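A short worksheet on the structure shown next.
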Amino acid sequence: MSQKIKKIAVLTSGGDSPGMNAAIRSVVRTCAYHTIECVGVYRGYEGLMEGDFKQLDARSVRGIINKGGTILKSARSKGFRTKEGRKQAHKRLMDAGVGGLVVIGGDGSFTGALIFNQEFGFPVMGIPGTIDNDIFGTSHTLGFDTALNTVVDAIDKIRDTASSHNRLFFIEVMGRDVGHIALNVGIAGGAEEILIPEEDLGLDRLVESLNKSRKSGKSSSIVVVAEGDKIGKNIFELKDYVDENMEDYDVRVSVLGHMQRGGAPSCFDRVLASRMGVKAVESMLNGQTNYMVGLLDNKMELTPLDNAIKGKTKINLELLRVSDIMST
Ligand code: ATP
């Protein structure tokens with residue numbers, strides 16, 4: 001293994017997700033294993049421009065594998081979007097003797113990393129951290145699995161109250177423009193309908209389907225709605241429409257919000273984060289740069305950052321069919 005890089009920096013950027021701490025721990029410990037130094041950068045690109053660095057060794061990251069959020073804090077930085085800001089960040093890294101940067105974040109953070117590399121030839125490596133699972137080049141982003149479990153737990157609880165009062169609940173889940181969270185939790189939580197941006201069910205068909213469920217003997221219903229779904233302008237308008245067009249149902253809305261991003265990472269996310277950190281550091285030490293590490297066919301693979309940014313994830317059509325059959 002070539003060891004030209006003597007020091008690696010790691011930062012978390014954009015929205016936080018469970019598993020980011022486990023990934024930081026893995027990057028730090030992989031550096032220690034290969035006897036190179038590691039520095040943590042606080043507050044993403046903002047801290048990079050300010051030189052807000054802290055030397056991290058294997059013991060600095062004890063007790064964090066099970067913690068949600070990110071010990072390095074995350075931020076969105078306007079300054080890094082400017083050439084001047086990136087120049088300042090580059091100077092900070094050079095002054096600190098850093099030879100490579102691991103960025104844990106979403107596609108915006110990767111775009112910043114790629115531009116930074118193109119301008120200064122500085123080696124960068126991405127680790128996909130977002131609950132939305134909307135990044136091309138990995139079957140799972142860090143935090144997706146934990147968020148699924150958090151949401152399913154919430155749906156189970158809402159179902160208890162829905163069935164006690166013959167209620168119809170619209171539950172909005174995160175996912176921005178993609179329906180990966182909604183589709184999975186809808187199946188796992190036994191939802192009657194799942195509304196995702198990739199599929200336009202239409203309001204009339206929704207009412208038709210709910211009426212059918214009612215006739216088949218269901219007295220309460222759960223409809224999972226992805227936040228990016230376009231069927232209603234928003235989930236409250238959706239409620240109003242169904243209220244007006246269906247009798248006998250007491251319709252309620254629950255927007256789960258930011259609780260979906262928090263909590264202790266699942267076993268899956270901890271293992272994934274550990275694997276991604278090792279792959280990111282060792283790939284950089286092997287001279288590879290401008291890649292994102294990802295999980296494909298249960299193997300750690302590298303995808304060029306450019307492809308990871310531009311590529312689109314696809315909804316799993318088999319899951320769509322399963323959900324249709326399950327709502328019979
Ligand atoms: P999330 O999935 O949670 O939104 P993200 O990484 O996509 O995470 P963004 O807010 O899009 O989050 O980006 C994070 C940061 O990356 C921005 O605040 C900015 O500093 C940097 N960044 C994003 N796009 C660019 C760009 N075109 N040029 C330079 N920096 C960028």
Side-chain angles (χ1 to χ4, degrees), residues 9-21 23-24 41-52 68-70 72-93 101-122 124-138 140-147 150 173-181 197 226-228 256-263 265 269 272-273 276 280 290-294 303 305-313:
V10 57
L11 60 78
T12 48
S13 170
D16 64 308
S17 69
M20 280 185 163
N21 278 328
I24 294 166
V41 179
Y42 286 95
R43 296 174 293 112
Y45 292 128
E46 202 63 15
L48 194 63
M49 292 182 309
E50 292 171 16
D52 194 1
T70 156
L72 292 176
K73 313 280 183 200
S74 191
R76 302 196 198 264
S77 165
K78 281 195 184 137
F80 196 74
R81 289 177 183 272
T82 67
K83 177 106 196 227
E84 196 47 44
R86 293 190 293 271
K87 202 169 146 195
Q88 204 178 323
H90 183 247
K91 183 171 184 315
R92 297 286 192 185
L93 286 168
L101 175 66
V102 177
V103 173
I104 307 170
D107 55 356
S109 304
F110 295 163
T111 305
L114 190 57
I115 292 173
F116 188 64
N117 171 274
Q118 285 160 352
E119 283 174 350
F120 302 100
F122 196 88
V124 295
M125 191 64 69
I127 292 182
T130 164
I131 65 165
D132 301 334
N133 210 32
D134 58 350
I135 297 184
F136 180 82
T138 187
H140 291 74
T141 55
L142 272 187
F144 176 56
D145 182 70
T146 304
T150 304
V173 302
M174 281 185 167
R176 275 190 299 201
D177 300 328
V178 293
H180 302 299
I181 293 181
E227 65 182 342
L256 297 185
H258 282 81
M259 56 93 83
Q260 296 166 85
R261 280 214 200 148
D269 275 328
L272 181 63
M276 284 179 165
N290 292 4
Y291 288 100
M292 180 196 82
V293 301
T303 297
L305 268 185
D306 201 25
N307 295 0
I309 294 161
K310 288 185 189 144
K312 294 268 172 273
T313 58

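One-based numbering along the sequence shown. Keep in mind the model is a prediction, meaning the values are calculated, not measured. Both ligands and their constituent atoms are indexed starting at 1 by order of listing.
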* Should the ring pair Phe116 and Phe122 be called parallel, tilted or perpendicular, given that the plane angle runs from 0 to 90° and is split at 30 and 60? -> tilted

Do side-chain atoms of [X] reach the backbone of [Y] as a donor and acceptor pair under 3.5 angstrom?
| X | Y | result |
| --- | --- | --- |
| Tyr45 | Ser109 | yes |
| Ser17 | Leu142 | yes |
| Ser74 | Gly14 | yes |
| Asp269 | Thr146 | yes |
| Asp107 | Ile309 | no |

* **Proximal protein residues to ligand 1, non-hydrogen atoms under 4.0 angstrom** =>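 The 4.0 Å shell around ligand 1 contains Ser13, Gly14, Gly15, Tyr45, Arg76, Ser77, Phe80, Arg81, Arg86, Gly106, Asp107, Gly108, Ser109, Thr111, Gly112, Ile115, Arg176.
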
